Amino acid sequence: MSRDDEQRGEQAGAQPPEQLALIRETVRGRKAPKAKPRTWRGADMAARLPVARVLVDKGLVHLDRYFDYAVPAAMDEEAQPGVRVRVRFGAGEREGRREGGGLINGFIVERRADSDFTGRLAPLAQVLSPEPVLTPELLQLCRSVADRYAGSLADVVQLAVPPRRAKPEKQPSPRPLPAPSAPAPGGWARYPQGPAFLQALADKSAPRAVWTALPGPGGWADELARAMATTLAAGRGALAVLPDGKAAARVDAALTALLGEGRHVLLTAEAGPEPRYRRWLAVSRGAVRAVVGTRAAMFAPVRRLGLAAIWEDGDASHSEDRAPQPHAREVLLQRAVTEQAAFLLGAHGCTVEAAQLVDSGFALPLAADRETVRAVMPRVRTAAEGDEARDPAARSARLPSLAWRTARDALERGPVLVQVPRRGYVPRLVCERCREPARCTHCAGPLEAAGEGTVLRCGWCARETPAWRCPMCGGIRLRGSVFGARRTAEELGRAFPAVPVRTSGGEHVLGSVPGRPSLIVATPGAEPVPEGGEGYAAALLLDGWALLGRPDLRAGEEALRRWLGAASLVRPQGEGGTVIVVADETMRPVQALIRWDPAGHAMRELAERSELGFPPVSRMAAVTGPPEAVAALIAAAREAGLPEHAQVLGPVPLPVLEPGRPRGPGDPPPGEQWERALVRVPRGSGAALAATLKTAQVGRLTRREGPVAHIRVDPLDIG
DNA sequence: AGCACGCCGACT
DNA sequence: GTCGGCGTGCTC
């Protein structure tokens, strides 16, 4: 943003000398020794509201409460609610004097006349900066997120408030620009309910919608920007969270085209810490009222929020990987409700959670007519896996003949996208005949085989299934591997020697590619957008079997989501756009792709999960850790009182972490054998479950009872 | 988690 | 009489 350059230098003249020294030290570099704050022992305390209630910045669950400190008179002015402070913490009293105790950071949450603490209050050591970053609204949001995820407030605050940077704080934010005028509906006119949704935003009411975006490269970004601009025009703030920097940049560009510079900021990691903090401050100070960003932006303190939007809620990157691992969709839902803002969930596909929002009546569907969909969608055809082409080059690439012919013809007209499975994306056990994932007859968890010829065991409840029989087709044989996908991708180049081949995925993701004939081999989610806005002439989706074969609950939804993502970049069928999906055409996600009906697919999935008692119809929490820690935490939770109808599944041994994959919270350290138990409760008991688990955890940590287990509410990979 | 406090045994 | 083992419990 060019706004970052418009800042004026600091006005140091107003600062007291003590602070100047501190500033110099901070600016000089990280290695410089920290100024030692004075002790304030015996100093005068503030005359009015001499007590500061402080949130101590330590993520320990059993310290999840506030601590009171005395406010020295010299800090009275700056020690306002929301500011960052340093306090002495963890020391006892020796010879009647307060001693030692490490200096740690915290936030003032309240100024009070008195404390309910009976001992002598320690004074605040230092006000780090007078910027009130943890506003009451943000604090309340963090509290409810912490509660929902059985985490500590300090952990969530750490996710919500970016680390301090001295320079941006000392610069003024630009003056807020007046509200823009409302934009035209643009692409929203293609949706029967589109204009009405915008009108509701303009009327400052709080519409909630699950938006099934029409295919086409980039249209969605403009529509999202228009929804945000309409909200701004009504005098309220807007926030959109996107799965990656690439998608966020597109909405940023669309908003800039609509409103010019200065009315919104882009909050992504790519900007670098200092510009990012500067932009965050501009939002916090109310200078900017619209935010486009990646998941950390879900906490952005937008003033008078009028719209909370999320794009592609099925993308795994919307799930925070730091404790307590909140999901952007859930956080934005929470904000929409408490801040009385509109909620917009948009995607090309549809998650079961989104379907449930519609099913429960919380949100209304925002989708185009069948006719409109048919007019812009590509032609979708299936190719059988065994139906390999006669051409030897195509054979070596294991391309079905239809895929081979389609690609060859389309390459006359433009670029062709080839979607191949991501490495490590290998299914577990499925029926050899109909490819139905093998599930436990007791709890419907995924069946696993420890090795060749070993007995089948459930990945959830550990019960053994000695004689498996497919419930769908009666088959008795299982299959569990996928052909070398990586090699298939490489061999594609040999199948089409006359055409340039480019790859996108893993470390090297392309944002866009030239619109001329070429083969683009990409892993799901890394598909580049063809330049010129025309789209791909064709797409080959070769990863069907790998995607659909996973026993993951989301396998179908995820396969469809990834296919739709790629197919959305293909030209309409009227312009010759064709998609070939190599998968069995009788499978439900394949059918949904052919009909371009993600919402219908998600509704059917939801109905099925409802029967089986799966999330999101039920709520789950995963408890992982060393076996004795898991057992003890579950026992403690039982004692603390699990909600009615709670069901404990397992524990079962956790599979060893694949080498190379980064270890997250809840993953075992290398070499340790951990276990996982799942606790399942009816919908509506989620809050009670989180509270119980947290109580059990706090009890165990306080008494330091052996190794610690990790709690994950709404685990993603439950089988 | 740190870290101090305290209660009991072994030492100068 | 005093030092220090580590078990117990608090951190404003």
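As the structure is a computational prediction, the values presented were derived from the model and not from experiment. Proteins come first, then strands; the chains are lettered A, B, ... in the order of their sequence lines, and each starts at number 1.
For residues 127-146 of chain A, the salt bridge (charged side-chain N to carboxylate O under 4.0 Å, His left out) pairs, not counting sequence neighbours, are A:D64-A:R143, A:E131-A:R285, A:R143-A:D147.
Residues satisfying the salt bridge (Lys or Arg N to Asp or Glu O under 4.0 Å) test with A:R638, not counting sequence neighbours, are none.
Across all strands shown, A:R65 has heavy atoms under 4.0 Å from base atoms, whether or not it also approaches the sugar-phosphate.
Judged by ring centres under 5.5 Å apart and planes tilted less than 30 degrees, A:F117 stacks against the six-membered base ring of C:dC12.
Annotation: side chain of A:D57 is not in contact with side chain of A:I104 (no heavy-atom distance under 4.5 Å).
One atom, CG of A:D57, and another, C1' of C:dC12, lie 16 Å apart when rounded to the nearest Å. Across the protein-nucleic acid pair, A:D64 atom CG and C:dT11 atom P stand 16 Å apart, rounded to whole Å. To the nearest angstrom, C1' of B:dC3 lies 13 Å from CG of A:L63. One can place NZ of A:K58 at 9 Å from P of B:dC3, the figure rounded to the nearest angstrom. Atom OH of A:Y69 is separated from atom P of C:dC12 by 5 Å (rounded to the nearest Å). Remark: P of B:dA1 and CG of A:L701 are 6 Å apart, rounded to the nearest angstrom. When rounded to the nearest whole Å, the span between CD of A:E110 and C1' of C:dC12 equals 14 Å. Rounding to whole angstrom units, CD1 of residue A:I104 and C1' of C:dT11 are separated by 9 Å.
The side chain of A:L121 approaches C:dC12 more closely than any other nucleotide in the set C:dC12, C:dT11, B:dG2.
Classification of A:R712 and A:D667 as a salt-bridged pair fails, no side-chain N sitting under 4.0 Å from a carboxylate O. Remark: A:R295 does not engage A:D315 in a salt bridge, criterion side-chain N to carboxylate O under 4.0 Å. Between A:D76 and A:R111, at least one side-chain N (NZ, or NE/NH1/NH2) sits under 4.0 Å from a carboxylate O, which counts as a salt bridge.
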Please list, pair by pair, any protein nitrogen or oxygen found under 3.5 Å from a nitrogen or oxygen in nucleotides 7-9 of chain C.
unit_1: C:dG9; atom_1: O6; unit_2: A:R704; atom_2: NH2; d: 2.5

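Ring planes of A:F89 and A:F67: perpendicular class, angle over 60° (limits at 30 and 60°).
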